[in-house]
Structures are given as structure tokens and as C-alpha cells.
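All values derive from a computational prediction rather than experimental measurement. All heavy atoms count here, side chains included; hydrogens, waters and symmetry mates do not.
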Amino acid sequence: MTKISILGCGWLGLPLAKKLIEEKHSVNGSTTSENKLSILEAAGINPFLVTLESESVSESITKFLDKSEILIIDIPPKLRGNNADSGDSSRKIFVEKIETLIPFIEKSTVTKVLFVSSTSVYGDENGNITEETIANPETESGKQLLAAEAILQKNQNFKTTNLRFGGLIGQDRHPVKFLAGKENLENPDAPVNLIHQDDCIQIILEIINQSKWNEVFNAVAPFHPTREKYYTQKAKEQSLILPKFTAEKSNIKKIVSSEKIENSLNYQFKLDNY
């Protein structure tokens, strides 16, 4: 049994924690909501109220990390509303939070960190995107994720694996619900780069079970129909108003490769979910 701390028990972190407990691991889970502590506890998770800011972190962080071997960081940048994507690159809010957290990791028993990142670090780079592709983020959130990846991975006090997820989908989360009925949607022939919650969880389990540390992995299902074809089909399946795309073809042909994760972890995606 391994003791694992999950910083951020949200849409992905909570079901991940439940799965880890099923696998006989002991899990500490954090939330920023006091109301959610009872939900974590009911799931068998050791609950902690942890708030991470640019210059401070809750006192509970020490106990949250205590006796844990692995730390999973699953907190989104949440830069919207701070004008962070408006070109103000001086706003390093998320990076500062990670920098604030690191001394506490160094003092703890944690020897391995799994950082949940995003394929947004590649920007709109065209072609076949692999882990060898030079990251060139365009949004501020992408820039800060990439900077956080580097800060964690260069630290010699623990081993870090950066896991770059594509667009997240699940039973209760699908972008077609936001696109249904909309018109003049751009990039109709751009390929989708998605990953289902079930695959996210299983890939994290495989990284832990196979001790794949000091790595970078892209995690995107090998399933890349065009946006128009995919979202039209999903709207039909869910009896939603069909989205309408512009007739203008796009130059975006970005396909994020999952070949490394399939080969290195011997992993097969659950394509029936898509």
C-alpha cells in the first residue's frame, strides 16, 4: 500500500482518489471547500482543507503531505477573470502558487510528483504533436502550466512526471452541450484531441504502478475525427440542436499523438467512451 496525496479533489481528483482506494492505497485529499470535507470522508479519503495562494498556503499542508510517497497536483490555473489571457504575461499567479508549494514538498516524505498539465502547452502547432515537439503555448494558462512543469521537473528533491491531457470529457462533461444550437462555429475540419475521464484515471494508475517517473506524457485518445463530424454526431446521439459550422476551412491540423503512452505503458484507450 502506498500513501498518496491528491492536491485538488475535483472533477478528476475525486474519482481518482476513489479508484486508488479501491486499489488498496491510502489517500489524502484536499479541497478548498469546507462543505466538501464530508464528501471526501464518506469516500474513504483523509480530507484536508488546503488553500494555495501566490504567497501562502494553509497550515494543513504539512499534515496533508505527511507520510505520503506520491503527490498528485491536479489544480487548474483558473486564470479567467484575472485578464490573464489578455496578454498581461506578468501575471504569474499559478506559477507563484507552485513555487510556494515546493518548499513544503521538499520538507515532506514525498519522493514522486505527478503534475496534471494540458496539451495547451503546444498552442496551435500543426501536424503530429509528440512529447518531442517544442512547446509553444499561446494562452497565459498554457504558458504558466509549462513554466510550472519545468519548475517541478528540475527539482532534484523529488521525481516529477508531467501528464498533458487533451480536452477532458466524461459522462457529466461534454463540450457538445455548450456547442449545441450555436452557429458559425470555426475550424470545422480541425481534428479533435480528447480524453475521457476513465482513461485519465487509468493512465495515472499505470504511471504509479509502473513507476514511470521523470517523464512527460501526452494523454489524448487516438481518435481524431473533424470537429464538425464529431460534434454533429454527438448532438444527434443526445437529441440536441445540431451545431452549425462555418464553411470556411481552417489551417489547424493539430493531432496530438498518444503513441508514447500506448507503447511505454502498454496502454489501450477505451475508445467506446468516445
Q: Could you tell me which residues satisfy side-chain contact (heavy atoms from CB on, under 4.5 Å) with Ala221, sequence neighbours excluded, listed by chain and number?
A: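 With neighbours one apart ignored, the set is Phe223, Phe269, Leu271, Tyr274.
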Q: Is the backbone N or O of Leu114 less than 3.5 Å from a side-chain atom of Lys159, with the two atoms forming a donor-acceptor pair by type?
A: no
Q: Are the side chain of Thr226 and the backbone N or O of Lys229 linked by a donor-acceptor pair below 3.5 Å?
A: yes
Q: Ignoring hydrogens and angles, tell me if any N or O in the side chain of Ser30 forms a donor-acceptor pair with the backbone of Leu49 under 3.5 Å.
A: no
Q: Who are the salt bridge (charged side-chain N to carboxylate O under 4.0 Å, His left out) partners of Lys212, not counting sequence neighbours?
A: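 Expected list: none.
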Q: Could I get the full list of salt bridge (charged side-chain N to carboxylate O under 4.0 Å, His left out) partners for Glu149, not counting sequence neighbours?
A: Arg164
Q: How many angstroms lie between CD1 in Ile98 and CD1 in Ile75, if you round to the nearest 0.5 Å?
A: 4.5 Å
Q: Keeping to residues at least two apart or across chains, list the ring pair (Phe, Tyr, Trp, His ring centres under 6.0 Å) pairs with something in residues 100-153.
A: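 Sorted result for residues 100-153: empty, none.
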Q: Could you list the residues that satisfy side-chain hydrogen bond (donor to acceptor under 3.5 Å, both in side chains) with Lys3, not counting sequence neighbours?
A: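 If we apply the side-chain hydrogen bond (donor to acceptor under 3.5 Å, both in side chains) test to Lys3, skipping adjacent residues, there are no hits.
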Q: Could you list the residues that satisfy side-chain hydrogen bond (donor to acceptor under 3.5 Å, both in side chains) with Asn155, not counting sequence neighbours?
A: Glu106, Asn157
Q: Could you tell me whether the side chain of Thr133 and the main chain of Thr130 form a donor-acceptor pair under 3.5 Å?
A: yes
Q: Give a yes or no on this: more than 12 heavy atoms of other residues, nucleotides or ligands lie within 6.0 Å of atom CD of Gln268.
A: no
Q: Can you measure from NZ (Lys67) to OG (Ser108) and round to the nearest 0.5 angstrom?
A: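 One finds 12.0 Å between NZ of Lys67 and OG of Ser108.
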Q: Please report the closest heavy-atom contact between Ala180 and Leu240, naming both atoms and the distance.
A: CB-CB, 3.8 Å
Q: Show which side-chain atoms of residues 181-196 pair as donor or acceptor with protein atoms under 3.5 Å away, not counting sequence neighbours.
A:
unit_1 : atom_1 : unit_2 : atom_2 : d
Lys182 : NZ     : Phe178 : O      : 3.3
Asp189 : OD1    : Ser250 : N      : 3.1
Asp189 : OD1    : Ser250 : OG     : 2.9
Asp189 : OD2    : Lys253 : NZ     : 3.0
Asn193 : OD1    : His224 : ND1    : 3.3
Asn193 : OD1    : Val256 : N      : 2.8
Asn193 : ND2    : Lys254 : O      : 2.9
His196 : ND1    : Asp198 : N      : 3.0

Q: For the backbone of Lys154 and the side chain of Gln156, can you confirm whether one donor and one acceptor N or O come within less than 3.5 Å of each other?
A: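 Yes, because the side chain of Gln156 sits within donor-acceptor range (under 3.5 Å) of the backbone of Lys154.
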Q: Going by the rule salt bridge (charged side-chain N to carboxylate O under 4.0 Å, His left out), which residues pair with Glu34 if we only count those two or more places apart in sequence or in a different chain?
A: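 With sequence neighbours excluded, Glu34 shows a salt bridge (charged side-chain N to carboxylate O under 4.0 Å, His left out) to no residue whatsoever.
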Q: Considering residues, nucleotides and ligands other than Lys63, do more than 12 of their heavy atoms fall under 6.0 Å from its NZ?
A: no
Q: Only counting residues at least two apart or in another chain, list the ones meeting salt bridge (charged side-chain N to carboxylate O under 4.0 Å, His left out) with Glu69.
A: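 By the salt bridge (charged side-chain N to carboxylate O under 4.0 Å, His left out) rule, Glu69 matches Lys112.
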Q: With no hydrogens and no angle check, do the side chains of Asn162 and Gln153 hold a donor and an acceptor under 3.5 Å apart?
A: yes
Q: With a 3.5 Å distance limit and no angle check, can you tell me whether Glu138 reaches the backbone of Gly123 through a side-chain donor-acceptor pair?
A: no
Q: Examine the side chains of Ser141 and Thr139 and answer whether a donor and an acceptor come within less than 3.5 Å of each other.
A: yes
Q: Taking ring pair (Phe, Tyr, Trp, His ring centres under 6.0 Å) as the cut-off, I'd like each qualifying pair that reaches into residues 128-166, sequence neighbours left out, listed once.
A: none
Q: Donor-acceptor pair, distance only, cut-off 3.5 Å: does the side chain of Gln144 make one with the backbone of Val95?
A: yes
Q: Which pair of non-hydrogen atoms, one from Thr119 and one from Gly166, has the smallest distance, and what is that distance?
A: OG1-CA, 3.5 Å
Q: So do the side chains of Ser68 and Asn28 get within less than 4.5 Å of each other, counting heavy atoms only?
A: yes
Q: If you look only at pairs with a residue in residues 28-72, which of them pass as a ring pair (Phe, Tyr, Trp, His ring centres under 6.0 Å), with sequence neighbours excluded?
A: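 For residues 28-72, and leaving out neighbouring residues, the ring pair (Phe, Tyr, Trp, His ring centres under 6.0 Å) pairs sorted by first residue read Phe48-Phe64.
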Q: Kindly check if the number of other-residue, nucleotide or ligand heavy atoms within 6.0 Å of CG (Asn263) is above 12?
A: yes
Q: Once you round to the nearest 0.5 Å, how far does OH of Tyr267 lie from CD of Glu262?
A: 10.0 Å
Q: Check whether the side chains of Glu228 and Thr232 place a donor and an acceptor atom closer than 3.5 Å, and report yes or no.
A: no
Q: Would you give the length of the straight line joining atom OG of Ser5 to atom CG of Asp66, rounded to the nearest 0.5 angstrom?
A: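 Interatomic distance, Ser5 OG to Asp66 CG, rounded to 0.5 Å: 8.5 Å.
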Q: Going from CG on Leu7 to CG on Asp74, what distance comes out if it is rounded to the nearest 0.5 angstrom?
A: 8.5 Å
Q: As a quick check of understanding, evaluate side chain to side chain contact (heavy atoms under 4.5 Å, CB included) for Thr51 and Val57, giving each step before the final call.
A: CA-CA 6 Å; Thr51 303; Val57 62; over 6 Å; no
Q: Quick one: pull up CD1 in Ile255 and CG in Asn128 and give me the separation to the nearest 0.5 Å.
A: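 One finds 7.0 Å between CD1 of Ile255 and CG of Asn128.
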Q: I'd like a table of donor-acceptor pairs (distance under 3.5 Å, sequence neighbours excluded) in which one partner is a side-chain atom from residues 8-27, with atom names and distances.
A:
unit_1 : atom_1 : unit_2 : atom_2 : d
Trp11  : NE1    : Asp172 : OD1    : 3.0
His25  : ND1    : Thr2   : N      : 3.3

Q: Any chain of hydrophobic side-chain contacts (each under 4.5 Å) joining Leu40 to Ile72?
A: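 Same cluster.
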